[in-house]
Amino acid sequence: MNICEAGDHIVCSSAIYGGTYNLFAHTIRKMGVEATFVEPDVSEEELNAAFKENTKAVFGETISNPSLDVLDFDKFVKAAHEHGVPLIVDNTFATPINCRPFEWGVDIVTHSTTKYMDGHAACVGGAIVDSGNFDWEAHGDKYACLTQPDETYHGVVYTERFGKGAFITKATVQLMRDLGSIQSPQNAFLLNLGLETLHLRMPRHCENAKKVAQYLQNHEKVAWVHTPALEGDKNYELAQKYMPNGTCGVITFGLKGGRDASIKMMDSLKLVAIVTHVADARSCVLHPASHTHRQMNEQELLEAGVQPDLIRFSVGIENADDIIADVEQALANV
Ligand SMILES: *Cc1c(COP(=O)(O)O)cnc(C)c1O
């Protein structure tokens with residue numbers, strides 16, 4: 001909303017959080033902003049072909065929720081900059097502990113602070129972090145909202161007055177004023193408590209997730225395990241390049257018994273809770289086919305990219321042996 005208006009267009013990776021997909025595919029479309037979705041493993045040619053005269057931004061997620069695809073920063077940065085637009089990346093799952101997208105040329109980073117940053121399911125929040133590196137003036141006609149006077153704010157020209165701070169200053173003095181998207185002081189306090197231990201929690205999440213993934217991988221009732229942290233995963237090389245110290249605590253897996261076995265296994269868990277929330281200190285699981293996507297039949301599920309047996313496992317920071325023991329007794333019930 002800070003750089004797009006009715007008649008504009010964005011290019012977006014299709015591997016993104018469902019809420020963001022709905023926002024881009026439906027809600028902003030009603031406001032006249034159109035999105036073209038591309039697969040994260042799109043070729044350079046196809047990616048370049050997605051741009052239009054009126055394209056204003058490119059968007060993706062460092063590690064996508066829940067498909068766990070890793071965004072190829074080099075490919076997306078190159079395409080965005082060749083077309084004179086910024087790359088905006090949602091870094092929620094990786095967090096700044098495991099990935100600093102600015103170092104790869106990303107222009108603007110967003111976070112749902114509701115997840116690892118808070119870490120304790122205490123408060124909802126979000127953040128925009130502007131690198132200040134995108135040269136809005138070099139594409140001044142495209143970004144008149146930043147390079148021409150804003151009559152609603154004393155006729156200020158954001159790029160002239162605030163330089164590298166143009167984008168984020170407009171976001172706060174104009175959009176925050178008009179839309180009220182601010183966090184309450186109490187929630188900001190809670191978020192800050194979480195941030196103080198983020199650097200301790202993230203390595204533990206990654207370590208535990210890897211142990212759980214390896215355990216599942218060797219279990220006879222498990223059909224598949226997906227995490228970019230495991231060698232052999234289709235995103236392993238990208239994860240090694242952009243997140244050599246670890247990815248995140250979220251993994252996905254499926255059982256040979258399919259949908260019914262997945263439900264039975266989850267209902268048998270004792271330590272691990274069934275929760276829609278994700279990326280929390282406490283381990284939790286979600287089975288989209290019987291929860292968030294339960295109105296869909298098998299065919300519709302597959303079209304939406306949700307395998308009927310897919311369990312999203314958000315591995316917490318408890319003792320890894322305790323988590324694995326819980327999974328073990330639940331699988332014994334299937
Ligand atoms: C949860 C989530 C969001 C939305 O965040 P809320 O704080 O729940 O509004 C956005 N992006 C990603 C990757 C998420 O996991």
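In listed order, ligands and their atoms are each counted from 1.
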Legend entry - Residues which pass ring-ring contact (aromatic ring centres under 6.0 Å, His included) with F24, listed by chain and number, not counting sequence neighbours: F59
Inset, instruction - For the residue pair L68 and F93, establish whether any side-chain heavy-atom pair is separated by less than 4.5 Å. - result: yes
Inset, instruction - Compare all side-chain heavy atoms of M265 with those of F253 and state whether any distance is below 4.5 angstrom. - result: yes
Legend entry - Between H9 and F51, ring centroids under 6.0 Å: no
Legend entry - Sub-6.0 Å ring centroid separation between F134 and F167: no
Legend entry - Residues in the immediate environment of ligand 1 (any heavy atom closer than 4.0 angstrom):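 Its neighbours under 4.0 Å (heavy atoms only) are Y17, E61, N65, D90, T92, F93, S112, T114, K115, G125, given by chain and number.
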Legend entry - Lys/Arg N to Asp/Glu carboxylate O, K234 vs D69, below 4.0 Å: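 Yes, charged N to carboxylate O under 4.0 Å.
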